[in-house]
Structures are given as structure tokens and as C-alpha cells.
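For clarity, every value in this text was computed on a predicted model and none was experimentally measured. Letters go in sequence order (proteins before strands), and every chain restarts at 1.
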Amino acid sequence: MPELLEIETYRKAAEPVVGRTIGAVDAPDDWYLKGGLGPAEVTGVLPGVRITGTGRIGKLMLLETDGPTIGLRFGMTGRLIVNGDAALSDLEYGSNRDNPAWDRFALRFTDGGSLVMRDPRRLGGVELDPDVARLGPDAAVVTLKPFARILAGSGAPLKARLMDQSRVAGLGNLLVDESLFRAGLSPERPARSLQADEVARLHRAVRRTLKTLGGRGGSHTGDLQPARVRGGLCPKDGEVLRRTQVGGRTTYWCPHHQR
DNA sequence: CCGGATGTTCACCT
DNA sequence: GAGGTGAACATCCG
């Protein structure tokens with residue numbers, strides 16, 4: 001599920017745990033603990049720690065505490081369940097996503113509340129004091145100048161640069177395709193080949209995409225989304241969309257109006 | 001049955 | 001250094 005918009009939904013859903021104290025930690029899956037972290041560390045360090053705030057940079061969700069900052073990554077299939085309620089009921093895979101066997105990490109609070117990460121494919125993970133310096137500025141707040149600088153330095157395809165979390169944080173496959181669709185720019189253009197007016201157009205498109213799709217309910221609510229099938233037609237001009245690999249990801253784009 | 005899917009990291013190429 | 005590719009993770013869907 002998650003790109004920036006979904007992680008922001010998770011962060012908001014986690015706000016009720018601010019002020020609570022961790023009583024116990026369930027870390028049944030070593031693989032899910034990242035950054036040299038092990039079950040002994042988590043269960044040893046976190047109990048007794050109080051949650052003091054929530055945060056998010058790109059797709060990384062943060063639980064600030066009076067001890068270490070807890071970083072949560074959700075991969076493609078991770079969900080957050082706070083006090084028994086799933087933060088997003090949207091389903092990617094239809095129905096069967098509620099198997100407790102997929103609970104990879106849980107905080108149990110002393111007042112009885114809980115925060116659970118449920119992730120069928122184990123693509124997410126938990127880390128203490130994550131290195132946030134490895135992330136670029138969050139896509140929802142980056143201003144035009146740094147955005148332009150990020151593109152100027154690279155010969156990589158535009159889409160690959162936008163999906164590079166160390167350059168701009170938060171955009172994934174769907175949000176990038178939607179933003180480029182709206183900006184009328186080809187995902188294959190070398191990032192540095194954009195003119196100043198195109199950079200400005202793209203910057204506005206990213207912000208508008210985040211705002212609009214955020215209001216609609218998530219990264220999968222874009223105008224391009226229904227056409228993301230083989231032979232799909234451009235919702236803007238009816239051209240058959242091109243389906244290519246860019247930056248290692250399947251990319252749908254309109255060769256007619258995206259230049 | 002097979003290919004893909006909202007992601008990240010890492011090894012290994014060129 | 002910069003980019004690109006493929007593997008790994010595990011489940012569901014068309």
C-alpha cells in the first residue's frame with residue numbers, strides 16, 4: 001500500500017498512542033528488525049519507554065520517545081493497526097489481509113492499547129534511531145529551489161530520480177507516474193534535461209497530486225490509475241499508453257502528451 | 001501455471 | 001562516481 005500518503009495516514013492513526021508507555025514488545029521475526037537490531041535489544045530497551053510524538057519523512061514513520069526514536073517502514077504490504085483498528089481498510093489484494101500470523105512487530109502499552117505492524121510479505125521493518133540523513137527532503141514540503149537542484153545534477157531518467165529516496169523522499173511508483181502524467185513529462189527524459197519552466201510545472205504537479213490524491217484517499221486514486229493495464233488508454237487524450245520499465249519499475253505513460 | 005504487484009537493500013556489472 | 005540489473009522477502013490476483 002504505502003507511499004507518502006498512506007504513511008501519513010498511518011502517522012495520524014498513531015497519534016492516540018502519544019503519551020503512552022510501552023509495557024511489552026512482540027518481535028517474533030528477526031528479519032523484521034533492521035540496522036543490527038535484535039529481539040534482545042528491542043525487548044530490553046523499549047519497555048518503560050514513553051511515546052512523546054509521531055513523525056514522518058517520506059515513507060519512514062517515526063515514533064518519538066523519551067528513549068530511542070522508533071522507525072517503521074511498511075514496504076509494499078505493511079499495515080498499521082492501532083488499538084485494534086486498521087488505519088487503512090483499503091485493500092490491495094481484495095480480502096484476506098487480516099491474518100494475525102502476519103503480525104511482525106507489536107508494541108503493547110501499559111494501559112492496554114497496542115500498535116501492530118501486519119505485513120504479509122515482510123517487506124517492511126523496524127529500526128531504532130534510523131539514519132534520517134539518508135533521506136532527501138519530504139516530497140510534500142520540498143520547495144522549488146532544492147527540487148530544481150535535485151533534478152539538475154542527474155542524467156538518470158526523470159522517474160528514477162524522483163523515486164530515489166535519498167534525493168526526494170516519499171514518492172513511489174504510482175505517485176510518480178501520476179505526477180508525470182499531470183505535468184506532461186516523459187519518465188524517460190534525463191532529469192537534467194528539463195527546462196526551468198518544466199521543473200516548475202513538475203514541482204506544482206507533484207504537490208497537486210499529493211493534495212488531490214490525499215483528499216481522495218490514497219496513492220491508488222489517481223486519474224491514471226484505472227488505465228494502468230496493458231492496452232490502457234490515456235484518460236486525457238485517448239492514446240494507447242506506453243508500458244515500459246523505468247528505474248526498475250513498471251511505468252505507464254502517454255507518449256502523446258508526456259514529452 | 002506464470003507474471004506482477006504502492007518497496008528497500010545489496011551484490012555485481014558496465 | 002553514476003546508473004542499471006537482478007535477487008531476496010511472501011502472498012494474492014488476473
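- In this structure, SG in A:Cys254 is found 10.0 Å from CG in A:Leu233, a value given to the nearest 0.5 Å.
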What does the list of N/O pairs under 3.5 Å between the protein and nucleotides 11-14 of chain B look like, with a distance for each?
none

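- With rounding to the nearest 0.5 Å, the separation of CZ in A:Phe147 from CZ in A:Arg207 is 9.5 Å.
- Distances shorter than 4.0 Å separate some side-chain N or O of A:Trp102 from OP1 or OP2 on C:dT11.
- A:Trp102 does not carry A:Arg118 over the face of its six-membered ring by the limits of under 6.0 Å from the centre and within 45° of the normal.
- Remark: DNA chain C takes part in the stems B:2-5 with C:11-14, B:7-14 with C:2-9, each of 3 or more antiparallel Watson-Crick or G-U pairs, criterion distances under 3.5 Å.
- Salt bridge annotation for A:Arg79-A:Asp119: absent, with no cationic side-chain nitrogen under 4.0 angstrom from a carboxylate oxygen.
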Check your understanding: Going through the distances and angles, do A:Arg243 and A:Tyr252 end up as a side chain to side chain donor-acceptor pair (under 3.5 Å)?
Key -> CA-CA 5 Å; A:Arg243 179 186 189 271; A:Tyr252 287 93; 3.1 Å; yes

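- Dashed line: the shortest gap from a side-chain N or O of A:Thr250 to OP1 or OP2 of B:dA5 is under 4.0 Å.
- Hydrophobic clustering (side-chain heavy atoms under 4.5 Å, transitive across Ile, Leu, Val, Met, Phe, Trp, Tyr) groups A:Leu46 together with A:Tyr32.
- Distance CG (A:Asp103) to P (C:dA10): 16 Å, rounded to an integer number of Å.
- For the atom pair CZ (A:Arg20) and OG (A:Ser114), the distance works out to 8.5 Å, reported to the nearest 0.5 Å.
- Within the model, atoms CG of A:Leu62 and CD1 of A:Ile70 stand 10.0 Å from one another, a figure rounded to the nearest 0.5 Å.
- Residue contacts shown for A:Lys34 are absent, as no nucleic acid heavy atom lies under 4.0 Å away.
- Closest contact between the side chain of A:Arg243 and the listed nucleotides B:dG7, B:dG4, C:dC9 involves B:dG4.
- Separating the CG atom of A:Leu72 from the P atom of B:dG7 is a distance of 17 Å, rounded to the nearest angstrom.
- Whole-Å rounding puts the A:Arg134 CZ to B:dC10 C1' distance at 11 Å.
- Rounded to an integer number of Å, the gap from A:Leu33 CG to C:dC9 P is 17 Å.
- Between A:His220 and A:Glu6 the shortest heavy-atom distance is ND1-OE2, 4.1 Å.
- If you chain together hydrophobic residues whose side chains sit under 4.5 Å apart, A:Leu171 and A:Leu174 never meet in one group.
- Nucleotides B:dT8 and C:dG1 are separated by 23 Å at their P atoms, to the nearest Å.
- Distance, A:Leu123 CG to C:dC9 C1': 5 Å, rounded to whole Å.
- Side-chain heavy atoms closer than 4.5 Å link hydrophobic residues (I, L, V, M, F, W, Y) into clusters, and following such links, possibly through other members, connects A:Val126 to A:Ile51.
- One can place CG of A:Asn99 at 14 Å from P of C:dA10, the figure rounded to the nearest angstrom.
- Rounded to whole angstrom, the span from the CZ atom of A:Arg122 across to the C1' atom of C:dA7 amounts to 16 Å.
- If you take CZ of A:Arg121 and C1' of B:dG3, they are 12 Å apart, rounded to a whole angstrom.
- The two residues A:Ser179 and A:Val206 come nearest to each other via the heavy atoms OG-CA, 3.7 Å.
- Across residues 153-178 of chain A, A:Gln165, A:Gly172, A:Asn173, A:Leu174 each have a non-hydrogen atom less than 4.0 Å from an atom of DNA chain B (numbered order).
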